[in-house]
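These notes concern the structure reproduced below.
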Protein chains: 2
Amino acid sequence: MSVDRVDTSYLETLVGYNARRAALTIIEMFLQRMAVFQLRSVDFSVMSLIVHNPGITSRQLCTSLGIRPPNLVGMVSSLEQRGLILRQRHAKDGRAMSLYTNEAGAALMQEAEKVALELETDQTRQLTPTERKTLMRLLQKIYL
Amino acid sequence: MSVDRVDTSYLETLVGYNARRAALTIIEMFLQRMAVFQLRSVDFSVMSLIVHNPGITSRQLCTSLGIRPPNLVGMVSSLEQRGLILRQRHAKDGRAMSLYTNEAGAALMQEAEKVALELETDQTRQLTPTERKTLMRLLQKIYL
DNA sequence: TATTGTTATACTCTATAACTATA
DNA sequence: TATAGTTATAGAGTATAACAATA
């Protein structure tokens, strides 16, 4: 026999279950709205870190975002080929690559971050501004 | 040039970024602690829904957890082969499969849910009980 | 010796198309 | 004609090992 109504109340008492469901919901919306810019959430994160940290190295990107170096290579190459970023040998460490946005990349991110701001208000429409701040703070207490 | 210290303050203002980081941190801990039971988080969710909803169908599992039917087949088969669950033809709908835990599965989940409870307190050690409840409520406002 | 970036590659996760049996 | 479960398979995401260049 099937059940009339699936009882998910137990799972809903688990932080991990709730965090994952919320994250997936948000990231799906993000993907749709960022499709105009051809940016997945990870691409947005990479671009955003480069914009706000000019000269950041690949290694620094990896450790900041929890990406393995081999998996970053393709993303960075793609962003470079699209004419959004520049890769330069690090001035003092010949092994490292320093990353910068060029004009096109900076302009794209300026637009993308506008959309990201709109998304924030849309995604947290059910929350008051105070609740939204509280949510951030509590989530950071878990992973920071 | 690399940067002295990577500035992630912008990303930390985004709900999606925080929710994803928190979810990944929690799920990683979950995976480690549930290794004794050989349960990934998705296996735990499936088993838990079967325990709390005896007779739930595969389709109901899929819609409840956001899993595509083809991807559930292998998980259910595996759980069945491990002697944790039973699959029976639905009494009134010959197309559907009703799922039940057997004694071994129920016993395993009783232990697993104990560990899950311990994990909850560990993962939210930085939060007061009130903050923990608040976090749940706010996350659910986003995805429900 | 250790580290950065890279290639090659494997493994996992997720998605689609098409089939069967039942409704 | 539509739905539940299944198979086969493709694609995306993530992981490890090994290498060249540099520290």
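Letters go in sequence order (proteins before strands), and every chain restarts at 1.
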Please output the side-chain donor-acceptor pairs of residues 27-39 of chain A that fall under 3.5 Å, not counting sequence neighbours, one pair per line with the distance.
unit_1	atom_1	unit_2	atom_2	d
A:Arg33	NH1	A:Asp122	OD2	3.1
A:Arg33	NH2	A:Asp122	OD2	3.1

A:Arg87 side-chain N/O to C:dT6 phosphate OP1/OP2 under 4.0 Å: yes

Short side-chain N/O contact from B:Ser58 to OP1 or OP2 of D:dA4, under 4.0 Å: no

Partner residues of A:Glu113 under the side chain to side chain donor-acceptor pair (under 3.5 Å) criterion, sequence neighbours left out: A:Ser48

Separation of [N] [atom2] from [X] [atom1] (nearest whole Å):
X       : N      : atom1 : atom2 : answer
B:Leu72 : C:dC13 : CG    : C1'   : 14 Å
A:Met75 : C:dT6  : CE    : P     : 13 Å
B:Ile67 : C:dC13 : CD1   : C1'   : 11 Å
A:Leu61 : C:dT6  : CG    : C1'   : 16 Å
B:Gln88 : D:dG5  : CD    : P     : 14 Å
B:Leu31 : D:dA15 : CG    : C1'   : 13 Å
B:Arg59 : D:dT6  : CZ    : C1'   : 11 Å
B:Glu28 : D:dT14 : CD    : P     : 13 Å

Using a 3.5 Å distance criterion without hydrogens, assess whether the side chain of [X] forms a donor-acceptor pair with backbone atoms of [Y].
X        : Y       : answer
A:His52  : B:Asp7  : no
A:Arg89  : A:Arg95 : yes
B:Glu120 : A:Val15 : yes

Interface polar pairs with nucleotides 21-23 of chain D, N/O, under 3.5 angstrom:
unit_1	atom_1	unit_2	atom_2	d
D:dT22	O3'	A:Gly94	N	3.4
D:dA23	OP1	A:Gly94	N	2.8

Nearest heavy-atom neighbours spanning B:Met47 and B:Leu79: SD-CD1, 3.9 Å

Would you tabulate the side-chain donor-acceptor contacts of residues 101-112 of chain A under 3.5 Å, counting partners in other chains and residues two or more places apart, or write 'none'?
unit_1	atom_1	unit_2	atom_2	d
A:Asn102	OD1	A:Ala104	N	3.1
A:Asn102	OD1	A:Gly105	N	2.9
A:Asn102	ND2	A:Gly83	O	2.8
A:Glu111	OE2	A:Lys114	NZ	3.4

Give me, pair by pair, the N or O atoms of the protein and of nucleotides 16-18 of chain C that are less than 3.5 Å apart, along with how far apart they are.
unit_1	atom_1	unit_2	atom_2	d
C:dT16	OP2	B:Arg68	NH1	2.6

Set of residues satisfying salt bridge (Lys or Arg N to Asp or Glu O under 4.0 Å) with respect to B:Glu12, sequence neighbours excluded: none

Residue among B:Thr134, B:Ile142, B:Leu135 satisfying side chain to side chain contact (heavy atoms under 4.5 Å, CB included) with B:Leu138: B:Thr134

Could you run down the sub-3.5 Å N/O contacts of the protein with nucleotides 11-13 of chain D?
unit_1	atom_1	unit_2	atom_2	d
D:dG13	OP2	A:Arg40	NH1	2.8

Shortest side-chain distance from B:Ala96, nucleotide among D:dT7, C:dG5, D:dA4: D:dA4

Overall bend - the helix from C:dT1-D:dA23 to C:dA23-D:dT1, comparing terminal axes fitted on five pairs, nearest 10 degrees: 0°

Non-neighbouring partners of B:Tyr143 that pass ring-ring contact (aromatic ring centres under 6.0 Å, His included), sequence neighbours left out: none

Residues which pass ring-ring contact (aromatic ring centres under 6.0 Å, His included) with A:Tyr17, listed by chain and number, not counting sequence neighbours: none

Quick one: side chains of residues 62-77 of chain B, donor-acceptor pairs under 3.5 Å with protein atoms, not counting sequence neighbours, listed by atom name and distance.
unit_1	atom_1	unit_2	atom_2	d
B:Thr63	OG1	B:Arg59	O	3.3
B:Thr63	OG1	B:Gln60	O	3.1
B:Ser64	OG	B:Gln60	O	2.8
B:Ser77	OG	B:Val73	O	2.8

Spacing of CG belonging to A:Leu86 relative to CG belonging to A:Leu99, to within rounding of 0.5 Å: 9.5 Å

Selection residues 134-144 of chain A - residue pairs positive for salt bridge (charged side-chain N to carboxylate O under 4.0 Å, His left out), sequence neighbours left out: A:Arg137-B:Glu131, A:Lys141-B:Glu131

